[in-house]
Amino acid sequence: MMFLGCIGNVLELFGGERLLLAAGSLLLAGAAFYALKAIKNTKARLAVIYAHLFFAAFPVVLFSSNLACSGMCMPCQNDTLALVGYAVPGAALLAVFAGFIVIPLYYVRTNRKREIASGWMVRFVARYAKTLGMKQPRLYAVDTAEPMAFSFRSVRSAIFVSVGMLDILKKREVEAVLLHELAHLRERSSALKFTGALMRWSPFSLLMRFHDHGDEERKADAFVIREQKTSRHLRAAKRRISRFSN
Amino acid sequence: MNGDTVKVSRIRLNKRGLGVLSPLETDVLGILWSNDEARVRDIYTRLRKRRTLALTSVAVVLDRLYRKGMVSRRAAPGRGGYHYIYSAKGSRMEFEQSVIEKTVDRLIDAFGPTAVSYFHERFRRRK
């Protein structure tokens, strides 16, 4: 059969150095997963999540590449170095895409006990989601004192606000933050484009500032000012957040 | 005397700052010691009567005390979502005892027999 190509001994595909590399990679994936529990810093957690996804994907891509090379009788068959050359970028790419699905689900899962299911915040978000013509996102409180807010539009839209932020902001300031996140969600409702905001959750964002004031940030701020008819609450919220971080 | 130098200036020995805490940390802990638990805003409201400070400063101090292991906190639902409720770990006396222990241990490590002899003499005079 053409598909089988040059696959002679199937066990050889998974043997030798490749098996050791795969085992090592899975061990590192496990270690990263275990380490996640101890890490509180958001950027560090993102880094570890992506590391975990990369190391988990690496064996899959490694063996798949070898299978493909063997099936097509290519020189890379059982050539560990060449296969690693394919597997590293392949696993990285897989990790990035998985991250856009895994990371939102991860945050929803770890914060589901603190879903804000009722109250003025929910009513506020519901009202504006309706006005903006979008499905009402879920609201979650993240268990950290660091004041921050972020949102995802993945499987289902969600806005996350830290408990620390709710502790230090006044009502109108919280509303400003929610409007800001709703604006981000609205912007992402167009085709799955890798905007600056989405890239916030990609591995590349680790090289950039967490609060990168790109075009999307300015648009979201403009939306807040338009809706609240003042920039006062947004500026006050940013001032308080900045004071906490300094 | 051994090679280590005890930085006595870092140990503030007046009641205003309890040894290793800043004045604001001391005030915040003082409120938690008097009440079982309190929210950031509750502590800020009480402290504002005695001094000028920002709500964020209280939040920062509470987070710092939490990281030092001196207070515990839990996220509780309430008006406006979730808020942290802080409580002190241990009593004021336990904290003071801990500071005294560490200070005395450091003095003994640094000055050895001289320190021991001083403490012995001091306690003898108090009797």
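All chains are named by letter (A, B, ...) in the order of the sequence lines, taking the proteins before the strands, and each is independently numbered beginning at 1. Values in this document were obtained by computation on a predicted structure and should not be read as measured data.
The heavy-atom pair separating Leu169(A) from Arg41(B) by the smallest distance is O-NH2, 3.7 Å. Shown here for Phe244(A) and Thr56(B), the closest heavy-atom pair between the two residues is N-CG2, 3.5 Å.
With a 4.5 Å cut-off on non-hydrogen atoms, Val40(B) touches chain A through its side chain but not through its backbone. For a residue to count as touching a neighbouring chain, one of its non-hydrogen atoms must lie under 4.5 Å from one of that chain's; by this rule Val174(A) does not touch chain B. For Leu139(A), no part lies under 4.5 angstrom from a heavy atom of chain B.
Atom CZ of Phe119(B) has more than 12 neighbouring heavy atoms from other residues, nucleotides or ligands inside a 6.0 Å radius. Taking a 6.0 Å sphere around CZ of Arg50(B), one finds it holds more than 12 heavy atoms contributed by other residues, nucleotides or ligands. Atom CZ of Phe124(A) is surrounded by more than 12 heavy atoms from other residues, nucleotides or ligands within 6.0 Å.
Of the N and O atoms on the side chains of Tyr82(B) and Asp143(A), not one donor lies less than 3.5 Å from an acceptor on the other residue.
For the pair His83(B)/Leu166(A), a side-chain contact is recorded, criterion being any heavy-atom separation below 4.5 Å from C-beta on.
One finds the CZ atom of Arg39(B) at 7.0 Å from the CG atom of Asp167(A) (value rounded to the nearest 0.5 Å). Asp63(B) CG to Thr144(A) OG1: the interatomic distance, rounded to the nearest 0.5 Å, is 7.0 Å. The distance from atom CD1 of Ile168(A) to atom CG of Leu55(B), rounded to the nearest 0.5 Å, is 7.0 Å.
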Tabulate below the donor-acceptor pairs under 3.5 Å that side-chain atoms of residues 125-137 of chain A make, not counting sequence neighbours, or state none.
{"from": "Thr131(A)", "atom 1": "OG1", "to": "Arg127(A)", "atom 2": "O", "distance (Å)": "2.9"}

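Heavy-atom proximity under 4.5 angstrom to chain B picks out Lys113(A), Arg114(A), Glu115(A), Ile116(A), Trp120(A), Met121(A) from residues 113-122 of chain A.
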